[in-house]
Amino acid sequence: MSRVPVTLRSARTTDVRAIRDLVAPYAERRILVAKDPVAYYEGLQQFVVAELDGNVVGCGALHVFWEDVAEVRTVAVAEEARGHGIGGLVVDGLVANARALGVSRVFCLTFETEFFARHGFAFLEGDPVSPDVFRELLRSYDEGTAEFLDLDRAKPNTLGNTRMWLEL
């Protein structure tokens, strides 16, 4: 890897192919959920990318669920760039975005519990929202919301994942 600093920036439409390429090996290992290209374009404003020497080497998204809750999702780093702090840069950037939006709690569903714990996330137990908000969130078409709510229909996609939480 180069000594040129990694740049974190908002994703652009021209980054979708690189984001999909980053996610693909994780989706093959069932660590991340594969998505159709249209889903990346529809959610593009949620993504940040880490760029090194003009190449996208990391990505992640922040999806707002409710007034005070968002999810860090789709965090991926190129295999050759792992272990250099890029994933941490992405997560820290997404958490900063959550703060800027006024979100006070950030959720993640992950196999990488030690990584997220180093960034302040703790294990989530119990109900993350009030019953009234829960009922509202049930109206969402987003599968990540179903995972957040720990709905039975989402369990086949989340087996082995751990729900974690960060209070801002």
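Throughout, residue positions are numbered sequentially from 1 according to the sequence presented.
Glu167 CD: more than 12 foreign heavy atoms inside a 6.0 Å radius. No more than 12 heavy atoms of other residues, nucleotides or ligands shown are found within 6.0 angstrom of CD on Glu67. By the neighbour-count criterion of 12 heavy atoms within 6.0 Å, atom CZ of Arg9 is densely surrounded, having more than that number from other residues, nucleotides or ligands.
Scanning all heavy atoms of the two residues, the minimum distance from Val103 to Val64 falls at CG2-CG2, 4.4 Å. For the pair Leu44 and Arg12, the tightest heavy-atom approach, listed with the atom from each and the gap, is CD2-C, 3.4 Å. Closest approach of Ala98 and Val106 over heavy atoms only: CB-CG2, 3.8 Å. The two residues Ile86 and Gly58 come nearest to each other via the heavy atoms CG2-CA, 4.2 Å. Of all non-hydrogen atoms in Ala76 and Leu22, the two that sit nearest each other are CB-O, 3.9 Å. Between Phe47 and Ile19, the closest heavy-atom pair is CE2-CG2, 3.8 Å.
Val90 pairs with exactly one of Val95, Val57, Val48 by the side chain to side chain contact (heavy atoms under 4.5 Å, CB included) rule, that one being Val48.
Atom CG of Leu124 is separated from atom CG of Leu109 by 10.0 Å, given to the nearest 0.5 angstrom. Between atom CZ of residue Phe111 and atom CG of residue Asn161 there is a gap of 4.0 Å, rounded to the nearest 0.5 Å. The OG1 atom of Thr7 lies 6.0 Å from the CD atom of Glu51; values are rounded to the nearest 0.5 Å. Atoms CG and CZ, on Leu62 and Arg99 in that order, are 11.5 Å from each other to the nearest 0.5 Å. One finds the SG atom of Cys108 at 12.0 Å from the CZ atom of Arg73 (value rounded to the nearest 0.5 Å). Distance CZ/Arg118 to OG1/Thr113: 9.5 Å, rounded to 0.5 Å.
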field: side chain to side chain contact (heavy atoms under 4.5 Å, CB included) assessment of Met164 paired with Phe107
entry: CA-CA 6 Å; Met164 296 184 79; Phe107 165 80; over 6 Å; no

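Judged by the 6.0 Å distance and 45° axis criteria, Arg29 is positioned over the aromatic ring of Tyr26.
Residues Thr74 and Gln46 fail the side-chain proximity criterion, which asks for heavy atoms closer than 4.5 Å. A 4.5 Å side-chain heavy-atom check between Phe121 and Thr110 finds every atom pair outside the cut-off. At a threshold of 4.5 Å between non-hydrogen side-chain atoms, the residues Phe116 and Leu166 do not count as touching.
Note on Val33 and Val38: separate hydrophobic clusters, where clusters join Ile, Leu, Val, Met, Phe, Trp and Tyr whose side-chain heavy atoms are under 4.5 Å apart, directly or indirectly.
A tilted orientation is assigned to the rings of His119 and Phe115, their planes being inclined by 30° to 60°.
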